[in-house]
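Read the structure below first, then the notes.
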Number of protein chains: 2
Amino acid sequence: MADSTIIQRCEAKGLRMTDQRRIVARVIGAADDHPDVEELYARASAVDPKISLATVYRTVKLFEEAGILERLEFGDGRARYEDAERDHHDHLIDVTTGQVIEFIDQEIEDLQEKIAARLGYKLIGHRLELLAVPVAKPSKT
Amino acid sequence: MADSTIIQRCEAKGLRMTDQRRIVARVIGAADDHPDVEELYARASAVDPKISLATVYRTVKLFEEAGILERLEFGDGRARYEDAERDHHDHLIDVTTGQVIEFIDQEIEDLQEKIAARLGYKLIGHRLELLAVPVAKPSKT
DNA sequence: ATAGTTGCAAACACTTTGCCGTTGT
DNA sequence: ACAACGGCAAAGTGTTTGCAACTAT
């Protein structure tokens with residue numbers, strides 16, 4: 001189940017697929033940013049104006065528990081979701097703009113496993129966010 | 001201001017020091033775990049039974065904004081605080097028990113800077129939590 | 001047919017805030 | 001003295017839930 005859509009993976013897991021769930025699935029699948037629930041609701045509402053916020057919350061939670069979505073928290077108190085099936089990556093947050101940049105670095109992945117092992121643990125996941133400022137423009141200094 | 005107490009750093013920054021703030025400062029300084037605000041409130045209440053939860057919230061926020069404390073979020077919806085002056089470290093969370101283990105690894109710190117630089121950014125901070133399970137006991141596999 | 005789902009509004013958990021009497025400097 | 005602070009309870013967020021009507025299988 002490598003390159004399947006969110007909807008296909010839902011079906012594969014036997015989740016009952018309603019119109020609302022399909023809409024939420026599509027909205028997330030189409031997103032290339034990291035929308036919070038309110039934003040998913042706004043995008044879903046554009047497709048079906050009578051979908052409710054509660055349904056969006058229930059749906060993302062369901063999908064998350066099914067391992068289809070991954071919940072992210074960037075420290076602003078709102079949960080964000082992304083397709084769990086996408087290639088693993090971490091996030092760099094531009095603190096000047098709030099922009100989120102995805103990246104992968106195998107070296108850092110390996111290092112994390114090594115650190116966990118050193119502490120007597122087996123790594124099952126991690127959260128890594130780099131907070132940074134652009135290095136380009138500003139005047140001197 | 002390397003090895004100073006939280007209270008000393010508050011004074012150095014010119015914060016008005018009340019009894020309540022001193023209590024919160026001491027409670028955090030004495031903690032070797034990662035208490036959430038409710039827990040800080042419980043510990044502070046043991047010293048001064050009439051301190052209010054609102055004051056604890058106001059105080060940790062004030063201290064955080066002064067750069068004296070660091071706010072942590074382990075994904076359970078509650079903010080946790082620790083002394084920002086302690087040596088930098090990251091956290092490994094034992095998902096079977098919720099226990100939090102602190103660690104430092106210079107290699108991973110350097111790598112993060114390198115990654116940020118590669119993306120055109122200057123690293124100003126990061127959040128890293130490893131989620132892991134103990135590797136010892138279990139039977140065969 | 002029927003167990004699961006939805007929308008709505010009410011309930012929640014955590015955190016912030018307005019008001020007013022109190023306190024640090 | 002007086003701006004800043006603390007306690008209280010009320011208000012705010014983001015998220016969850018009870019319920020009656022609806023829908024996928």
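Residue numbering restarts at 1 for every chain, and letters A, B, ... go by the order of the sequence lines. Reckoned from all heavy atoms, side chains included, excluding hydrogens, waters and symmetry mates.
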- With no hydrogens and no angle check, is any side-chain donor or acceptor of B:His88 less than 3.5 Å from a backbone partner on B:Arg86? no
- Message: Looking at B:Lys50 and B:Asp19, is there a salt bridge between them, counting it only when a charged N and a carboxylate O are closer than 4.0 Å?
- Response: no
- Message: Would you say B:Leu53 ends up clustered with B:Phe63 if hydrophobic residues are merged whenever their side chains have heavy atoms under 4.5 Å apart, either directly or through other cluster members?
- Response: yes
- Message: OP1 or OP2 of D:dG6 versus the side-chain N and O atoms of B:Arg21: is any pair under 4.0 Å?
- Response: yes
- Message: D:dG7, OP1 or OP2 - any side-chain N/O from B:Gln20 closer than 4.0 Å?
- Response: yes
Protein-nucleotides 16-23 of chain C N/O pairs closer than 3.5 Å?
unit_1 : atom_1 : unit_2  : atom_2 : d
C:dT16 : OP1    : B:Lys61 : NZ     : 3.4
C:dG18 : O6     : B:Arg58 : NH1    : 3.2
C:dT23 : O2     : B:Arg16 : NH1    : 3.3

- Nucleotide C:dT6, atom P - distance to NZ of A:Lys50 in whole Å: 14 Å
- Message: If you assign A:Leu15 and B:Arg80 each to the DNA chain C nucleotide with the nearest heavy atom, which residue ends up on the more 5' nucleotide?
- Response: A:Leu15
- Query: Between A:Ser52 and C:dC8, does any side-chain N or O lie under 4.0 Å from OP1 or OP2?
  - Reply: no
- Under the ring pair (Phe, Tyr, Trp, His ring centres under 6.0 Å) criterion, do B:His91 and B:Phe74 qualify, and how do the steps go? CA-CA 9 Å; B:His91 298 101; B:Phe74 292 155; 5.2 Å; yes
- In whole angstroms, how far is the P atom of D:dT15 from the OH atom of A:Tyr41? 14 Å
- Straight-line distance of A:Arg80 CZ to A:His34 NE2, nearest 0.5 Å: 8.5 Å
